[in-house]
Amino acid sequence: MAYSNRNRPAPRTAPSPAALPRGAARAALFGGALAAALTASLLHVPQAAAVPAPQARNACEVDPKAPPKRQMRAEWIAGVQNIDWPSGQNMSVEDQKAELDGLYDEAVANGLNAVFVQVRPTADAFWPSPHEPWSEWLTGEQGRDPGYDPLEYAVQAAHERNLEFHAWYNPYRVAMHDDPARLVEDHPARQNPDWVFAYGGKLYYNPGIPEVREFVIRAMMDSVENYDIDGVHFDDYFYPYPVEGEEIPDADAFAEHGGDFDDIEDWRRDNVDLMVRDMSEAINAVKPHVKFGISPFGIWRNSSTDPEGSDTGGFQSYDQQYADSRKWVTEGWLDYINPQIYWEIGLPVADYSVLVPWWEEVASTTDTHLYIGQAAYKVGNEGAWEDPNELSRHLDFNRDHEGVQGDVYFSATSLRTNAEEATEILVADHYSSPALIPIKDDLGGTVPAPPRVSGGEDGTLSIASGPGEKPAYYAVYAFDGAPDRERARCGIEDPRAMLGTVRADEDGAATFDVPGDADTTYYVTALDRLHHESRASSPVHTP
């Protein structure tokens with residue numbers, strides 16, 4: 001298998017610094033179908049060196065009031081049906097770029113540190129793929145060149161803002177309609193009609209055909225191999241969500257490819273398992289530093305069906321979508337699991353406060369990170385979602401569960417529209433200080449040398465890399481008073497001291513604007529692309 005289940009490293013603790021960092025206010029400146037009772041989701045829709053042995057450090061005291069220093073904070077940016085980006089099909093290149101820039105800038109302002117951008121919504125591409133046509137969601141016409149490379153721009157623009165970029169793919173959905181004749185003539189689904197079935201008014205590749213699995217992996221891997229992405233992300237669509245009165249038309253494929261399986265449902269689950277495992281192995285073989293994660297439907301199975309399941313009573317993705325998401329975690333095929341727990345605290349059929357601990361327990365036996373999918377799109381709906389504090393309450397709950405290492409919000413447009421007030425509450429309650437991405441040590445990486453820093457009095461720090469490999473980015477910290485090495489050693493463990501991060505250029509250089517207040521000491525650390533952090537630089541003091 002691609003990823004071994006190594007023991008998770010002990011969490012890094014936040015310190016109680018000898019002197020309090022500059023105030024939080026400064027840090028804030030930088031900063032399927034489902035049973036009706038559950039409400040369906042709209043969404044779903046340079047090689048690194050080995051990590052050296054860490055240097056021993058004396059432990060710092062833990063300040064229980066300190067927020068997490070490492071936390072995934074991300075949003076989904078959906079392309080299908082122009083949900084988020086691009087928001088229309090007749091936009092100029094300049095307007096498409098400007099719209100994405102705006103979404104990224106808002107993400108940074110909201111304290112986020114990653115984006116999950118949909119680049120293959122319907123067996124099509126947001127890059128010049130040799131395997132599939134240009135996406136219709138770019139121009140309104142499938143196969144039409146948009147005039148630039150959207151994926152290249154999206155990755156570059158994210159990295160300029162030091163946002164981690166996860167390329168989001170839908171493996172099997174071919175079209176949001178069921179007419180193959182509407183696909184471009186050279187579409188693989190038209191060239192290989194036996195690969196495709198219609199179901200519920202949409203077209204899907206058949207996961208039970210080995211050639212299909214090989215093709216969709218090859219099509220997605222083209223972008224992994226040719227773009228500087230940080231992660232590969234699947235949503236919750238594998239076999240389609242069930243439609244009442246319809247049967248998935250795959251009996252012939254089962255007869256041909258079912259092998260020793262007696263039960264078609266077990267065979268379907270195995271087909272999905274094979275694709276997930278093989279995609280994991282393909283990524284690991286080419287770019288082992290690229291993370292692989294999936295955001296499945298939030299319920300695997302109910303405990304009334306399976307004693308290993310959660311104490312819930314809703315739609316079971318294992319049985320009705322053939323997605324054995326628990327197995328993907330326990331087998332170590334994923335770097336992170338990101339279940340869509342799109343329900344409020346206290347909902348009897350699918351209680352957020354039941355599902356988070358269940359997933360935490362599943363992930364705790366593995367090296368797989370757990371991020372929670374949050375339903376920003378529901379804010380403003382009836383019931384609990386009328387209260388804009390609901391999302392913040394979810395994060396309050398998560399703080400008591402150390403196995404939860406972050407959250408991902410669906411979707412970017414909701415954070416600026418229906419969930420705008422809820423987002424402001426989230427930022428004030430949880431994201432007023434920056435956070436670094438959690439480390440996954442089995443992916444490799446190196447701890448950079450401490451950087452060299454100068455300036456400060458003019459409001460700008462000039463940062464240069466230390467000896468060795470160039471870092472990916474820098475983190476800047478500020479403290480009141482004169483330099484104090486012990487304060488720096490422990491103080492940088494508290495994100496309330498962090499002003500923000502800045503991406504390094506190809507030479508390892510960067511500049512960072514600081515307030516330049518009198519009697520302030522600045523320290524800078526260097527981080528590689530997998531977020532291993534160096535010791536603090538020499539201090540820069542503005543007397």
Side-chain angles (χ1 to χ4, degrees), residues 43 46-48 70-79 84-86 96-97 99-121 125-129 135 138 148-170 220-235 279 283 286-295 334-336 338 369 371 373 405-412 415 434-440 443 445 471-473 500-506 527-531:
L43 168 63
Q47 180 148 346
R70 292 189 178 270
Q71 189 177 46
M72 173 64 75
R73 302 174 180 176
E75 65 183 10
W76 279 290
I77 299 178
D84 293 311
W85 178 75
Q96 284 193 11
K97 290 180 176 180
E99 182 173 66
L100 187 61
D101 288 344
L103 292 174
Y104 284 177
D105 289 342
E106 287 180 3
V108 172
N110 289 332
L112 307 186
N113 54 23
V115 288
F116 293 11
V117 182
Q118 195 169 36
V119 299
R120 185 182 181 268
F126 274 43
W127 73 96
S129 169
S135 176
L138 292 169
Y148 75 118
D149 186 334
L151 177 54
E152 180 180 57
Y153 184 80
V155 174
Q156 175 186 331
H159 286 167
E160 287 174 353
R161 294 161 175 81
N162 205 38
L163 293 166
E164 192 171 71
F165 184 94
H166 292 235
W168 164 20
Y169 312 81
N170 189 291
M220 293 183 290
M221 283 301 299
D222 179 72
S223 60
V224 178
E225 294 166 358
N226 292 295
Y227 294 84
D228 190 26
I229 66 174
D230 301 297
V232 167
H233 182 80
F234 292 171
D235 56 29
M279 187 68 186
I283 296 166
V286 174
K287 289 186 177 179
H289 66 274
V290 171
K291 303 167 190 175
F292 180 33
I294 298 179
S295 58
L334 304 179
D335 293 300
Y336 65 87
N338 178 202
H369 286 187
Y371 312 138
Q405 299 194 49
D407 302 87
V408 187
Y409 300 89
F410 186 77
S411 66
L415 294 181
L436 304 178
I437 301 283
I439 294 174
K440 197 165 187 296
L443 298 185
Y473 67 101
T501 64
V502 59
R503 199 78 174 184
D505 65 21
E506 61 183 11
L527 297 96
D528 73 344
R529 70 175 303 153
L530 289 166
H531 315 290

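From a predicted model like this one, the values you see are computed outputs, not experimental measurements.
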In terms of ring plane angle, is the pair Tyr169 and Trp127 parallel, tilted or perpendicular, where the classes change at 30° and 60°?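 Geometry flag for Trp127 against Tyr169: perpendicular rings.
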[X] side, atom [atom1]; [Y] side, atom [atom2] - distance, nearest 0.5 Å:
X	Y	atom1	atom2	answer
His289	Leu443	NE2	CG	9.5 Å
Tyr336	His166	OH	NE2	5.0 Å
Leu163	Asn113	CG	CG	7.5 Å
Arg70	His369	CZ	NE2	10.0 Å
Asp407	Gln71	CG	CD	6.5 Å
Gln405	Ile439	CD	CD1	10.5 Å

When you measure from the side chain of Arg120 to the backbone N and O of Asn170, does any donor-acceptor pair fall under 3.5 Å?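 Yes, because the side chain of Arg120 sits within donor-acceptor range (under 3.5 Å) of the backbone of Asn170.
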Is there a donor-acceptor pair closer than 3.5 Å between any side-chain N or O of Asp230 and the backbone N or O of Phe165?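 Checking the backbone N and O of Phe165 against the side chain of Asp230, a donor-acceptor pair under 3.5 Å is found.
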Using the test side-chain hydrogen bond (donor to acceptor under 3.5 Å, both in side chains), find all partners of Asp505 that sit at least two apart in sequence or belong to another chain.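 Residues passing side-chain hydrogen bond (donor to acceptor under 3.5 Å, both in side chains) with Asp505: none at all.
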Test ring-ring contact (aromatic ring centres under 6.0 Å, His included) applied to Phe234 and Phe292, Trp168, Phe116, the passing residue: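 When Phe292, Trp168, Phe116 are each tested with Phe234, the ring-ring contact (aromatic ring centres under 6.0 Å, His included) holds only for Phe292.
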So, using side-chain contact (heavy atoms from CB on, under 4.5 Å) as the criterion, who are the partners of Glu152 when residues are at least two apart?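 Here the qualifying residues are Asp149, Tyr227.
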Could you tell me whether the side chain of [Y] reaches within less than 4.5 Å of the side chain of [X], counting heavy atoms only?
X	Y	result
Leu151	Ser223	yes
Tyr104	Ile77	yes
Glu75	Val408	no

How about Tyr148 and Gln96: does a side-chain donor come under 3.5 Å of a side-chain acceptor?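 Result is yes, a qualifying pair exists.
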Evaluate His159 against Tyr473 for side-chain hydrogen bond (donor to acceptor under 3.5 Å, both in side chains), listing each step before the verdict. CA-CA 10 Å; His159 286 167; Tyr473 67 101; over 6 Å; no
What's the shortest heavy-atom distance between Leu527 and Leu436, and which atoms?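 That would be CD2-CD1, 3.7 Å.
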